[in-house]
J.: 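Below you'll find the structure I mean.
Here the structure is a predicted model, which is why all the values come from computation and not from measurement. The first residue in the sequence is number 1, and the count goes up from there.
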Amino acid sequence: MTSDFLKRVLPFILAVMAALGWKTVYASNLSPIDVSSNLVSTRSKIIHQTVLTIDSHIDWPIRQSVNPEFDPGMGHGTGAPGSGQWDLVRMARGGLDGAFISIFTPQRELTAQGYAQAATLANQMIDWTYQLTVDYPDRVAIALTPDDAYRLEREGKRAIFLGMENGYPLGTDIEAVNAFYNRGIRYITLTHSKNNQLGDSSTDDQQDWQGLSPFGEAVVYEMNRLGMMIDISHVHDDTFWDVMRLTQAPLIASHSSARALRDVPRNMDDTMLRAIKENGGVVQLCLLGDYIKEIDQDPRRESALEALSDQQAAWLRGDLSDAEVADLLNQYRAISAQYPEIKPTLADAIDHLDHMVAVMGIDHVGIGSDFDGGGGLVDIADVSQMPNITQELLSRGYTPDDIRKIWGGNLMRVFDAAIAVAEQMQAEAEG
């Protein structure tokens with residue numbers, strides 16, 4: 001038997017064995033167990049193991065940059081100091097078939113020197129990701145297309161895609177888009193927390209461009225031409241609408257939630273959600289607490305975090321050394337140990353997904369955890385707990401085909417569409 005055959009069939013064999021076991025319990029007049037809950041759990045596990053599961057946003061490389069001793073090939077305990085939220089062991093344990101690893105770079109001044117420093121860091125992070133496939137070739141491989149993801153799933157390997165969070169490393173050279181595409185980047189989140197040379201961010205103090213910059217418009221065209229997905233998470237509403245006006249391919253929001261349930265600029269309002277539907281794109285639900293639900297925290301926690309705000313801003317600007325970043329993270333851990341964050345639940349997050357489905361339909365939603373970048377909720381603390389999402393979806397009445405679409409089918413469809421647009425644009429240019 002092939003490993004793929006075993007992966008597909010073994011859960012069903014176990015389900016039958018479990019069912020036989022329940023019959024034996026009742027035949028022996030032992031205390032009854034909750035058959036319905038066990039059936040739901042077993043069905044959930046079967047579905048989760050059968051569908052292609054893709055997380056569109058995991059921020060491992062930025063963690064690696066400040067914790068170079070971390071070995072992503074080893075298993076780490078959930079919540080243990082320095083464990084992060086992703087490694088290959090927990091990825092397998094959580095039944096996660098693939099992930100877009102985020103090549104995120106802090107943003108300095110919009111200068112040639114700043115762009116060059118960011119490009120160097122971005123390429124270093126890409127090198128680390130490729131090295132992962134060299135160190136563990138039997139467990140993981142780089143994926144460049146949806147076909148790669150499905151093939152690697154059949155081979156029993158985890159698929160690693162590359163996405164760039166923040167277009168800042170592109171500088172002002174349009175050729176940089178193609179250079180990063182050739183290195184494996186398959187989506188770019190146009191902005192991050194601050195306006196950059198491509199356009200305005202949703203969380204900067206004021207706008208610089210009133211949407212996309214002229215260079216940002218050229219980048220949108222070039223990404224369409226190459227088959228690179230355009231990610232509008234983090235962008236200002238005006239930037240969103242400029243992208244929507246220009247793009248020839250469906251868009252993605254790699255890690256965003258619904259503004260109707262949590263009114264923050266990083267989330268998408270219903271008008272934007274409907275526009276994504278018309279565009280054929282997909283919004284990947286973000287599992288970061290502040291984008292899910294407002295919860296009052298211990299005032300002492302708030303005060304302690306506020307005292308670190310200047311250091312955090314300096315980190316996002318790229319002004320801290322590696323040692324200073326490590327010290328900042330240690331301070332955050334100490335605050336969280338003394339005054340733990342009160343987080344929303346997984347159920348709260350799926351409420352957002354329910355809302356997006358009601359507005360957009362089942363074909364336009366997915367999962368983008370933002371693990372290692374702030375993501376993590378009650379009942380979904382790291383990638384090892386991904387099956388909890390499937391069980392929650394099943395308990396709410398989503399069908400196996402719905403769950404297939406949510407877990408990767410929709411995102412892979414958009415990816416295929418972006419590739420098809422690129423092929424058409426390139427053929428027209430050659431003609």
J.: Would a distance-only check, ignoring hydrogens and angles, find a side-chain to backbone donor-acceptor pair under 3.5 Å from Asp382 to Arg90?
T.: no
J.: Using every non-hydrogen atom in the two residues, find where Met91 and Ala99 come nearest and quote the distance to one decimal.
T.: CE-N, 3.8 Å
J.: Test the Arg266-Tyr291 pair against the cation-pi criterion, namely NZ or CZ under 6.0 angstrom from the six-membered ring centroid and within 45° of the ring axis.
T.: yes
J.: Taking 4.0 angstrom as the limit, do Asp242 and Arg245 come out as a salt bridge?
T.: yes
J.: Classify the side-chain pair Asp204/Ser193 by whether it contains a donor and acceptor separated by less than 3.5 Å.
T.: no
J.: For the residue pair Trp86 and Trp60, categorise the inter-ring angle as parallel (less than 30°), tilted (30 to 60°) or perpendicular (more than 60°).
T.: tilted
J.: Take Glu155 and Arg151 through the test salt bridge (charged side-chain N to carboxylate O under 4.0 Å, His left out) and record every step on the way to the result.
T.: CA-CA 6 Å; Glu155 294 174 3; Arg151 172 181 55 79; 3.4 Å; yes
J.: Quick check: are there more than 12 heavy atoms from other residues, nucleotides or ligands sitting under 6.0 Å from CG of Asn182?
T.: yes
J.: Would you find a donor on one side and an acceptor on the other, under 3.5 Å apart, between the side chain of Thr239 and the backbone of Gly199?
T.: no
J.: Any Lys/Arg nitrogen of Asp290 or Arg262 sitting under 4.0 Å from an Asp/Glu carboxylate oxygen of the other?
T.: yes
J.: Is there a donor-acceptor pair closer than 3.5 Å between any side-chain N or O of His352 and the backbone N or O of Ala258?
T.: yes
J.: Closest heavy-atom contact between Ala176 and Leu170?
T.: CB-O, 3.4 Å
J.: Counting N and O atoms only, with roles assigned by atom type, does the side chain of Asp200 sit under 3.5 Å from a partner on the main chain of Val235, one being a donor and the other an acceptor?
T.: no
J.: Between Glu324 (side chain) and Ser321 (backbone), is there a donor-acceptor pair under 3.5 Å?
T.: yes
J.: As a quick check of understanding, evaluate side-chain hydrogen bond (donor to acceptor under 3.5 Å, both in side chains) for Asp231 and Ser254, giving each step before the final call.
T.: CA-CA 6 Å; Asp231 179 16; Ser254 70; 2.6 Å; yes
J.: Flag yes if more than 12 heavy atoms outside Glu109 fall under 6.0 Å of its CD atom; otherwise flag no.
T.: no
J.: Any Lys/Arg nitrogen of Lys405 or Asp402 sitting under 4.0 Å from an Asp/Glu carboxylate oxygen of the other?
T.: no
J.: In residues 354-362, what donor-acceptor pairs under 3.5 Å come from side-chain atoms, sequence neighbours left out?
T.:
| residue | atom | partner | partner atom | Å |
| --- | --- | --- | --- | --- |
| Asp354 | OD1 | Tyr398 | OH | 2.5 |
| Asp354 | OD2 | Arg396 | NH1 | 2.6 |
| His355 | NE2 | Asp270 | OD1 | 2.8 |
| His355 | NE2 | Asp270 | OD2 | 3.4 |

J.: Looking at Asp148 and Leu144, would you say the former's side chain and the latter's main chain have a donor-acceptor pair under 3.5 Å?
T.: yes
J.: Using a 6.0 Å cut-off, check whether atom CD of Gln131 has over 12 heavy atoms from anything other than its own residue.
T.: yes
J.: Any carboxylate oxygen within less than 4.0 angstrom of a Lys/Arg side-chain nitrogen, looking at Asp127 and Arg183?
T.: yes
J.: What I want to check is whether the side chains of Gln197 and Thr172 have a donor and an acceptor closer together than 3.5 Å.
T.: no
J.: Within 45 degrees of the ring normal and closer than 6.0 Å to the centroid, is that where the cationic atom of Arg186 sits relative to Phe100?
T.: no
J.: Do you know which two heavy atoms are closest between Met412 and Ala149, and how far apart they sit?
T.: SD-CB, 4.3 Å
J.: Among side-chain atoms of Asn195 and Ser201, is any donor-acceptor pair under 3.5 angstrom?
T.: no
